[in-house]
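All residue numbers refer to positions in the sequence shown, counting from 1.
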Amino acid sequence: MANIFNMFVICNLLSFSIIGHSQTSTHFVQVAQSIGVNHYNKHSNFNGGGCAFFDSDNDGDDDIYLISGTNKDQLLINNDGQFEEAGFFSGLGLTANYYTTGVVTGDLNNDGREDIFVTTIGSGEILSKNILFFNKGNNEYEDVWLQFNTIEKSSGAVLVDFDNDGLLDIYVLNYVDEPGFIRDEDNVIIAYDHLCYPNSLYHNLGNFQFQDVTDLYLSTDEDQGCTLSAMATDFDRDRDIDLLVCNDFGNDVVPNRMLMNINGTFFSQTKDYGFNDGIYSMGMAAADLDHDLDMDYYITNFGSNILLENKSDTLHTIVDPVASSANNSENPGELSISWGAAFLDYNNDGYEDLYVANGYVPAPPFLPSSFNDRDRFYENLGGFQFSEQTIDVSGLDNIHSGRGVAISDYDNDGDQDILVNVMRIPINGEMTSQIYQNQSNTTIADSMHWVQVKLEGLVANKSACGANVELYHQDDQILKEVSCGNSHGSSSSKTLHFGVGTTKTIDSLVIYWPNTAQTVDTYSNLVVDSLYYIKEDTTYLTINEETDVDTTAMVDDGGFFELVSPKKYIGNVIYRSVDKDLAKEFASIRIYPNPTLPKSTINLECDTIPISYELLDMTGRSITETRLFPSDLKKSEDGRYRTQVKVDDLNAGLYLIQVTTKNEQYTLKLIVN
């Protein structure tokens with residue numbers, strides 16, 4: 001049997017019908033209500049407003065989570081581009097008891113399903129706690145967060161495997177603890193003097209057990225600020241994840257902070273790298289704007305936003321009057337207040353464009369704030385040069401109070417769409433959250449191409465949070481990073497989207513996995529307009545009589561491309577198509593938890609009835625073989641067949657599990673550590 005490795009290719013997506021609108025000349029169309037999204041965020045103190053794109057039900061397209069403030073949050077399930085709110089059994093009814101602010105998603109127990117972490121904020125005697133929703137399958141969730149404080153003051157969170165042990169840890173962002181002000185002799189507020197609630201770092205011990213390690217691994221050599229956004233990012237590309245922390249009231253309280261990861265402990269190197277901007281930081285976005293294979297950063301503000309070029313050993317502020325939003329409000333003399341921001345390549349030309357959500361918050365007289373503060377969209381002309389698009393060109397026309405922003409190709413048509421959580425200001429207003437569907441693939445010539453990459457870790461965390469991916473084509477290169485928490489209290493799709501312009505062949509794709517082994521995988525000569533599903537350093541065989549998996553991979557237009565050595569490929573091509581019957585022909589299988597511990601039991605799930613499984617060592621020698629009978633199987637509510645596999649006799653190391661069904665045989669790698 002041939003050895004085939006590591007990668008699904010979901011090739012040449014078929015065209016999807018445009019839902020909820022007619023042909024238009026603008027780049028984006030607001031489609032929220034027409035696709036089933038009817039949401040508003042009811043606030044009590046102007047805080048919060050996060051949102052997330054993630055695959056709740058593992059069906060290959062992104063679903064939506066929307067923070068609702070004092071209302072119940074919404075989980076919206078994507079069904080071919082139409083959304084329906086998850087029902088009573090979703091477990092989200094719990095959120096109606098709290099004031100929710102931010103959301104981040106990721107697979108925290110490595111079982112193949114993304115979990116949801118929701119932050120909340122309380123004051124006085126109002127009960128509040130953060131929430132960790134364990135994804136039980138079938139869009140049902142259960143709160144398993146045991147780190148309970150009487151009152152939380154959280155504005156958001158990011159997921160980061162800071163010690164590269166394969167488990168996602170949680171960095172919680174906290175806001176104002178006790179408000180304070182500095183006044184002049186006329187009792188007019190002229191500055192802030194808040195006390196801030198310190199941020200927290202929770203180490204994932206497995207099985208949803210977390211230890212507060214703030215004092216152990218988070219340097220507190222300087223005061224912590226009132227944080228509204230942060231990003232887990234490998235700033236210096238040394239194969240561990242650093243933290244960029246953005247603080248509100250930075251000029252008066254604590255400026256922004258850079259926490260560098262040194263052997264699993266975070267140390268403040270803020271001034272060394274020039275990240276100590278004292279501004280009213282609200283949100284953050286990252287992209288490799290100048291294509292030099294490191295991430296550059298954009299920070300939103302009450303006033304001028306900041307664009308930072310990463311020079312590896314320092315951050316350089318780019319003076320760009322176009323992409324900074326000072327004095328761009330609808331009312332002269334008032335400052336824009338920017339919150340969530342996100343980079344996206346809306347037209348697939350290879351340059352990252354920028355969406356900025358603006359929204360009102362009351363402020364003292366020395367900070368004149370704008371009530372009607374329109375969101376902004378800037379087209380990237382190359383590198384750090386931007387041009388603001390007019391509404392009649394972009395179609396982006398949110399005049400209401402935007403907060404969190406998330407990006408995804410939710411309709412699977414090869415271009416990126418925008419989700420904006422809109423805060424209801426005033427409380428009884430009619431403004432609702434927005435989804436802007438990208439029309440570029442219907443308004444721009446077919447010569448503009450793209451590649452999408454979806455990663456799954458094995459030694460690394462399952463969600464691949466922190467992975468770096470370099471793409472090379474013709475004379476260009478670009479870096480993207482899987483980020484689990486960004487914008488303002490939000491989380492974009494973990495499917496990486498590369499616009500590649502007129503390029504028709506990708507020279508190479510290089511993946512730097514976030515693990516202690518520092519695994520690097522390289523793929524060459526890839527076709528464009530395809531979604532690649534790549535699994536880390538694992539053997540995963542799917543064999544049937546009709547599939548030649550030895551040297552070629554068929555794609556749905558009848559073409560193929562040859563594989564290069566070493567061959568890292570999964571046998572069958574899985575098509576993402578409107579033809580659901582075609583997709584169902586390819587069964588899926590999974591084992592979890594993986595990695596696992598010696599003398600334990602793992603779960604085996606399969607879409608079709610498994611007949612037997614065999615444990616092998618890495619040389620192919622059989623350790624044990626087990627025949628399965630109907631009494632050994634349980635059928636879950638989502639239709640999968642499940643059984644348990646004991647690994648009592650296995651020592652730490654690498655093994656194979658070979659599973660046989662009626663028509664196919666699968667081989668998966670198992671890590672015991």
Side-chain angles (χ1 to χ4, degrees), residues 50 52 54-58 63 65 67-68 72-75 86-122 127-154 156-163 165-174 200-214 457 461-463 465 484-485 489 491 494 590 592-597 600-603 605 636-638 642 644:
F54 76 113
D55 190 356
S56 173
D57 49 6
N58 278 345
D63 309 298
Y65 192 100
I67 290 292
S68 301
K72 181 177 76 70
D73 291 353
Q74 287 189 9
L75 173 62
F88 173 81
F89 294 104
S90 68
L92 266 64
L94 172 69
T95 60
N97 300 323
Y98 305 105
Y99 183 8
T100 57
T101 54
V103 57
V104 63
T105 68
D107 189 348
L108 286 157
N109 65 335
N110 290 335
D111 68 347
R113 302 186 183 102
E114 286 197 73
D115 309 298
I116 306 171
F117 189 78
V118 176
T119 57
T120 74
I121 194 165
L127 180 66
S128 182
K129 68 176 289 290
N130 292 329
I131 302 166
L132 174 53
F133 282 121
F134 160 47
N135 189 339
K136 300 163 61 178
N138 200 32
N139 298 314
E140 295 181 9
Y141 292 84
E142 177 186 355
D143 179 26
V144 293
W145 187 245
L146 301 179
Q147 283 65 29
F148 184 88
N149 293 319
T150 303
I151 297 176
E152 292 285 1
K153 311 248 185 188
S154 303
V158 296
L159 303 182
V160 50
D161 182 6
F162 71 88
D163 54 356
D165 66 351
L167 294 171
L168 285 174
D169 312 300
I170 305 176
Y171 181 64
V172 178
L173 321 180
N174 291 312
S200 300
L201 178 64
Y202 294 98
H203 187 210
N204 189 343
L205 305 178
N207 197 29
F208 293 116
Q209 301 297 310
F210 291 84
Q211 178 186 5
D212 187 341
V213 295
T214 306
N461 67 87
K462 186 77 90 171
S463 296
C465 297
C484 296
S491 189
K494 296 172 188 64
R590 62 180 181 145
Y592 63 92
N594 189 13
T596 189
L597 298 174
S600 61
T601 301
I602 62 173
N603 295 296
E605 283 190 3
S636 63
E637 294 183 2
D638 57 2
R642 181 181 303 158
Q644 291 190 323

Note to self: Looking only at the side chains, is there a donor atom on one of T105 and E114 sitting less than 3.5 Å from an acceptor on the other?
What the structure shows: yes
Taken to the nearest 0.5 Å, the spacing of S90 OG from L75 CG works out to 6.0 Å
Closest non-hydrogen atoms of K72 and G93, given as atom of the first, atom of the second and distance, are CD-CA, 3.5 Å
- Is it true that K129 and E152 have a side-chain N and a carboxylate O under 4.0 angstrom from each other? no
Here the gap from N461 atom CG to L168 atom CG, rounded to the nearest 0.5 Å, amounts to 4.0 Å
Taken to the nearest 0.5 Å, the spacing of L108 CG from F208 CZ works out to 6.0 Å
Salt bridge (charged side-chain N to carboxylate O under 4.0 Å, His left out) filter on D165, not counting sequence neighbours, yields none
Check: Does some side-chain heavy atom of S68 sit less than 4.5 Å from a side-chain heavy atom of T95?
Finding: no
The reported gap from CZ in F162 to CD1 in I170 (rounded to nearest 0.5 angstrom) is 11.5 Å
Quiz prompt | Under 3.5 Å side-chain donor-acceptor pair for S491 and Y65 | solution = no
Which of T101, N97, T120 passes side chain to side chain donor-acceptor pair (under 3.5 Å) with S128? Answer is T120
> Is the shortest heavy-atom distance from the side chain of F133 to the side chain of V103 under 4.5 Å?
Replying inline: no
Quick one: do D115 and D107 satisfy side chain to side chain contact (heavy atoms under 4.5 Å, CB included)? Show the steps, please. CA-CA 5 Å; D115 309 298; D107 189 348; 3.9 Å; yes
Heavy-atom closest pair (S154 atom, I121 atom, distance to 0.1 Å) is O-CB, 3.8 Å
The side-chain contact (heavy atoms from CB on, under 4.5 Å) partner of D169 among L159, D161, V213 is D161
Value for OH (Y592) from CG (N109), rounded to nearest 0.5 Å, stands at 9.0 Å
F210 vs W145 aromatic rings, parallel, tilted or perpendicular, using cut-offs 30° and 60°?
tilted
Please answer whether the main-chain N or O of R113 pairs with a side-chain N or O of D111 as donor and acceptor at a distance below 3.5 Å. yes
Nearest heavy-atom approach of C484 to K494 is SG-CE, 3.6 Å
CD (Q211) and CG (N204) are apart, to the nearest 0.5 Å, by 11.0 Å
Closest heavy-atom pair, T601 versus P593, reported as atoms and distance to 0.1 Å, is O-CD, 4.4 Å
Go through the steps for I116 and F54 under the test side chain to side chain contact (heavy atoms under 4.5 Å, CB included), then give the verdict. CA-CA 9 Å; I116 306 171; F54 76 113; 3.6 Å; yes
Q: Apply side chain to side chain contact (heavy atoms under 4.5 Å, CB included) to the pair N110 and L167, showing each step before the final yes or no.
A: CA-CA 7 Å; N110 290 335; L167 294 171; 3.6 Å; yes
Does D63 form a side chain to side chain contact (heavy atoms under 4.5 Å, CB included) with D57? I'd like the steps, not just the answer. CA-CA 8 Å; D63 309 298; D57 49 6; 3.1 Å; yes
Test item: T119 side-chain N/O and G102 main-chain N/O as donor-acceptor pair under 3.5 Å
yes
**Prompt:** Do D212 and T214 have side-chain atoms, one donor and one acceptor, less than 3.5 Å apart?
**Reply:** yes
